[in-house]
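Below: the structure, in structure tokens.
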Amino acid sequence: MIETAQAFGVDIGGSGIKAAPVNLEKGEFAEPRLKILTPEVSTPEAVAAIVRQQLEHFEVPETAPVGIAFPAPIKPGRPLDFMANLDQSWIGVDVTAVFSEACGRPVVVVNDADAAGLAEQQYGAAQGQNGLVIATTLGTGIGTALIYNGVLIPNSELGHIELPKGKGDAEKYAASSVREREDLGYKKWAKRLTKYYGLMEKYFNPDLFVVGGGVSRQSDKFLPYIDIKTPIVPAKLRNEAGIVGAAFYASTKQ
């Protein structure tokens with residue numbers, strides 16, 4: 001692994017598994033990332049084998065912290081009880097133990113939305129922000145991360161908050177995938193997002209919202225039309241956030 005890297009991050013998704021050495025001083029990749037397609041049958045054994053392959057590709061030393069951003073709520077030492085984007089054989093598995101055994105070293109696993117939020121808090125749009133930051137990812141669903149004075153409050157699932165007046169589950173009403181499926185204009189979508197962020201504002205009184213996901217590249221088309229009082233800004237690290245956040249999180253656990 002290149003000398004400018006202090007940790008190694010992996011971001012596991014339903015379609016691809018991305019990894020890179022991370023320069024923790026700058027919050028960026030120390031070498032170009034390696035992406036390998038997620039196996040069609042994404043069992044624990046198959047996914048863990050790819051993570052091991054990535055570690056070997058970058059020749060990651062055993063002393064380097066290794067963090068893995070994973071698409072499910074993670075409670076260390078406890079079996080997984082829910083899985084949406086990978087094979088259902090993950091249910092009942094201790095995710096950290098599976099990866100540690102396959103990689104032949106201790107690894108740290110964190111929820112993928114939490115990893116992205118941490119990256120934004122440490123290096124991106126929320127850097128230096130005190131109080132409560134709610135980082136959201138608008139994509140197929142709505143991912144969330146709660147960070148209070150720099151400390152992660154893990155495994156929030158606020159994309160599933162129930163909206164009033166029969167609107168139901170927030171991500172089924174306001175996710176980016178819903179905008180695409182229903183062919184909503186950005187201003188009309190922003191009205192739905194106002195309902196979502198307005199409710200979050202009412203319940204949590206955050207100091208800042210950070211909006212990530214691929215659609216954040218078009219943030220100027222919808223963020224100005226979200227009518228709330230709390231400052232709301234686009235994410236800066238975008239697709240690098242999961243890897244960088246996982247690497248940073250691992251560095252805090254060793």
Worksheet item: Has Tyr173 got more than 12 heavy atoms of other residues, nucleotides or ligands less than 6.0 Å from its OH?
Response: yes
Fill in: Exercise: identify the closest heavy-atom pair between Leu80 and Trp90
CB-O, 3.7 Å
Could you give the side-chain donor-acceptor pairs of residues 204-228 under 3.5 Å, partners two or more places apart or in another chain?
from   : atom 1 : to     : atom 2 : distance (Å)
Asp207 : OD2    : Leu132 : N      : 2.8
Ser216 : OG     : Gly213 : O      : 2.6
Ser219 : OG     : Ser216 : O      : 3.3

Worksheet item: Rounded to the nearest 0.5 Å, what separation is found between the CG atom of Leu163 and the OH atom of Tyr196?
Response: 8.5 Å
Discussion item. For the CG atom of Asn155 and the CG atom of Leu152, what is their distance to the nearest 0.5 Å?
Written reply: 8.0 Å
Worksheet item: When rounded to the nearest 0.5 angstrom, what distance separates CD1 in Ile68 from CZ in Phe99?
Response: 4.5 Å
Worksheet item: Which pair of heavy atoms, one from Val233 and one from Ala125, lies closest together, and at what distance?
Response: CG2-CB, 3.9 Å
Fill in: Test log, rule side-chain contact (heavy atoms from CB on, under 4.5 Å), inputs Glu120 and Val133
CA-CA 10 Å; Glu120 291 296 333; Val133 174; over 6 Å; no
Item to complete: Determine whether more than 12 heavy atoms belonging to other residues, nucleotides or ligands lie under 6.0 Å from atom CD of Glu101.
Response: no
Response to the item:
Applied to residues 183-194, the side-chain hydrogen bond (donor to acceptor under 3.5 Å, both in side chains) test, sequence neighbours excluded, yields Glu182-Arg192
Worksheet item: In the single-linkage hydrophobic clustering (I, L, V, M, F, W, Y; side-chain heavy atoms under 4.5 Å), do Val66 and Ile12 co-cluster?
Response: yes
Fill in: Derivation of the side-chain contact (heavy atoms from CB on, under 4.5 Å) call for Leu158 and Leu146
CA-CA 9 Å; Leu158 299 178; Leu146 298 179; 3.9 Å; yes
Discussion item. Assigning hydrophobic clusters by single linkage (Ile, Leu, Val, Met, Phe, Trp, Tyr; side-chain heavy-atom cutoff under 4.5 Å), is Leu37 placed with Val51?
Written reply: no
Worksheet item: Measuring from Glu171:CD to His160:NE2, what's the distance to the nearest 0.5 Å?
Response: 4.0 Å
Practice prompt. Identify whether Phe29 and Ile2 are in the same connected component of the hydrophobic contact network (ILVMFWY, side-chain heavy atoms under 4.5 Å).
Written response: no
Discussion item. Restricting to non-hydrogen atoms, name the atom on Asp94 and the atom on Gly77 that form the minimum distance, rounded to 0.1 Å.
Written reply: OD2-CA, 3.6 Å
Practice prompt. Of all the heavy-atom pairs spanning Ala246 and Val10, show the shortest one and how long it is.
Written response: CB-O, 4.0 Å
Practice prompt. Using atom types as modelled and distance alone, determine if a side-chain donor or acceptor of Gln121 lies under 3.5 Å from a backbone N or O of Gln127.
Written response: no
Do any side-chain atoms of residues 57-65 form donor-acceptor pairs under 3.5 angstrom with protein atoms, and if so which ones, sequence neighbours left out?
none

Discussion item. Hydrophobic clusters here meaning ILVMFWY residues chained together by side-chain heavy-atom distances under 4.5 Å, can you tell me if Phe8 and Leu34 are in one?
Written reply: yes
Worksheet item: Is any side-chain heavy atom of Val108 less than 4.5 Å from a side-chain heavy atom of Tyr249?
Response: yes
Worksheet item: Should Val107 and Val47 be counted in the same cluster of Ile, Leu, Val, Met, Phe, Trp and Tyr side chains packed under 4.5 Å apart?
Response: yes
Discussion item. I need the full list of side-chain hydrogen bond (donor to acceptor under 3.5 Å, both in side chains) pairs touching residues 5-30, with sequence neighbours left out, sorted by first then second residue.
Written reply: none
Practice prompt. Taking all heavy atoms of Ile74 and all of Val109, pick out the closest pair and write down the distance.
Written response: CG2-O, 3.6 Å
Worksheet entry | Side-chain heavy atoms of Leu199 within contact of Pro164, under 4.5 Å | yes
Worksheet item: Of the non-hydrogen atoms in Ala119 and Leu237, which two are nearest, and what is the gap between them?
Response: CB-CD2, 3.8 Å
Worksheet entry | With Thr136 via side-chain hydrogen bond (donor to acceptor under 3.5 Å, both in side chains) - residues at least two apart | Tyr197
Show me the donor-acceptor pairs within less than 3.5 Å that the side chains of residues 81-88 make with the rest of the protein, sequence neighbours left out.
from  : atom 1 : to    : atom 2 : distance (Å)
Asp87 : OD2    : Ser89 : N      : 3.0
Asp87 : OD2    : Ser89 : OG     : 2.6
Gln88 : NE2    : Met83 : O      : 2.9

Practice prompt. Step through the shown structure and confirm whether more than 12 heavy atoms of other residues, nucleotides or ligands are within 6.0 Å of CD on Glu56.
Written response: yes
Worksheet entry | Atom pair OH (Tyr148) and CD1 (Ile134), whose distance is rounded to the nearest 0.5 Å | 12.5 Å
Worksheet entry | Check: Ser100 side chain, Ala97 main-chain N or O, donor-acceptor pair, under 3.5 Å | no
Worksheet entry | Value rounded to 0.5 Å, distance of CD in Gln54 from CD1 in Ile17 | 6.5 Å
